[in-house]
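Chain A is the first sequence line, chain B the second, and so forth, proteins listed ahead of strands; every chain is numbered from 1.
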Number of protein chains: 2
Amino acid sequence: MVTNLDDGTFDFCETLTDAQDALAREMLERASAKWPLRVMHILAEAKGPLRFSRVLERVEGISQKVLTQTLRTLESDGLVTRTLYPQVPPRVEYELTPLGGELLVEVVTLWQWIANRLPDFEAARVKAPRAEATSKS
Amino acid sequence: MVTNLDDGTFDFCETLTDAQDALAREMLERASAKWPLRVMHILAEAKGPLRFSRVLERVEGISQKVLTQTLRTLESDGLVTRTLYPQVPPRVEYELTPLGGELLVEVVTLWQWIANRLPDFEAARVKAPRAEATSKS
DNA sequence: CCGAATCCAATTGGATACTG
DNA sequence: CAGTATCCAATTGGATTCGG
């Protein structure tokens, strides 16, 4: 749908169906969202499987319900694996898939680009204290 | 805060304050969100200023209220300029800033990466309905 | 231990009406 | 034309309780 050119402008082509385009947008939004990003981050840091409780501890501020939902979505998107060990008490481990790891690398690249331009964004916010919009954290 | 290495793993360093890190995360989330991305997209396509009404027409499915909010946020983040021409009836034009254009390039890069991996994501979604995970060992 | 279920507060977004 | 204001429906997230 979109190609960015060397000169910083764009070229728009129609190689994706609407459904594919919508799916790509959705994945982009999900992967950049607050909780999924932080969860993938934690799992990447761990460099191995983590139990539910460990993830809950390390993702500061998340509730158990939201973590469960986040992990379910990540799992159904193929970014995280969920492994149940049928013990008593049960043990469940989550791990980043190769696909999830690759996606995280890409997202982090964008994140770093933004971090490098932080002075610009900070300056903009000082200059235009208009809408201190949609921030929760 | 995070550096991705050649081998696909990560290295975590502490060059940003918590506040800066939070800001970068917030910008990442905003720029990847549904409406802001589509609005920036439209403005980039236009390759010049667009009136409010034109943007409203071209961003399919957005309401006037949400478009106003979205543009306010983009403006206060320095991604879009708002120019008011004090006429009757008033005319207001929005245009992508250089910073906004650069950010869009980066986001589109990620978007394209995702689009290239769409088969993987589609496959994951088909496979994942509610299969009870099998133990690995 | 994991997480589903329930209840509830807060936020979001659409539709409509109104103003400079 | 480009909003702001208001009302309302839908969604989201926290806290708590219960169950395998």
Under the criterion salt bridge (Lys or Arg N to Asp or Glu O under 4.0 Å), I'd like the reasoning laid out for A:Lys47 against A:Glu45: C-alpha separation, chi angles, the key distance, then a yes or no. CA-CA 5 Å; A:Lys47 302 186 179 188; A:Glu45 253 180 335; over 6 Å; no
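Using a 4.5 Å cut-off on side-chain heavy atoms (C-beta onward), A:Glu95 and A:Val80 make no contact.
Residue A:Arg72 has its side chain nearest to C:dG3 when only C:dG14, D:dT4, C:dG3 are considered. The side chain of B:Lys65 sits closest to D:dC7 out of C:dT6, D:dG20, D:dC7. For A:Val66, the side-chain atoms get nearest to D:dG14 when compared with the rest of D:dC1, D:dG14, D:dT4. Which of D:dC1, C:dC1, C:dA15 sits closest to the side chain of A:Pro89 comes down to C:dC1.
Ranked by how close their nearest DNA chain D nucleotide is to the 5' end, B:Thr68 and B:Arg51 are led by B:Arg51.
Residue A:Ser63 places at least one side-chain N or O under 4.0 Å from the OP1 or OP2 atom of D:dG14. The phosphate of C:dG3 has neither OP1 nor OP2 within less than 4.0 Å of any side-chain N or O from A:Arg91.
Residue pairs meeting the side-chain hydrogen bond (donor to acceptor under 3.5 Å, both in side chains) criterion with at least one partner in residues 57-66 of chain A, sequence neighbours excluded, are A:Arg54-A:Glu57, A:Gln64-A:Thr68.
Here B:Tyr94 lies in heavy-atom contact (under 4.0 Å) with sugar-phosphate atoms only.
For A:Lys34 and C:dT12, the NZ to C1' distance is 16 Å, given to the nearest whole Å. Rounded to a whole Å, the CD atom of B:Glu93 is 14 Å from the P atom of D:dC1. Counting to the nearest Å, the C1' atom of D:dG20 and the CG atom of A:Leu84 are 11 Å from each other. Between the CG atom of B:Leu67 and the P atom of C:dA15 there is a distance of 14 Å, rounded to whole Å. In this structure, B:Gln69 atom CD and D:dT4 atom C1' are separated by 11 Å, rounded to whole Å.
Scanning atom types as modelled, one donor and one acceptor separated by under 3.5 angstrom connect the side chain of B:Gln64 and the base of D:dG3.
Residues B:Trp35 and B:His41 keep their aromatic ring centres 6.0 Å or farther apart.
Salt-bridge formation is detected for the pair B:Arg30/B:Glu26: a Lys NZ or Arg NE/NH1/NH2 atom is positioned less than 4.0 Å from an Asp or Glu carboxylate oxygen.
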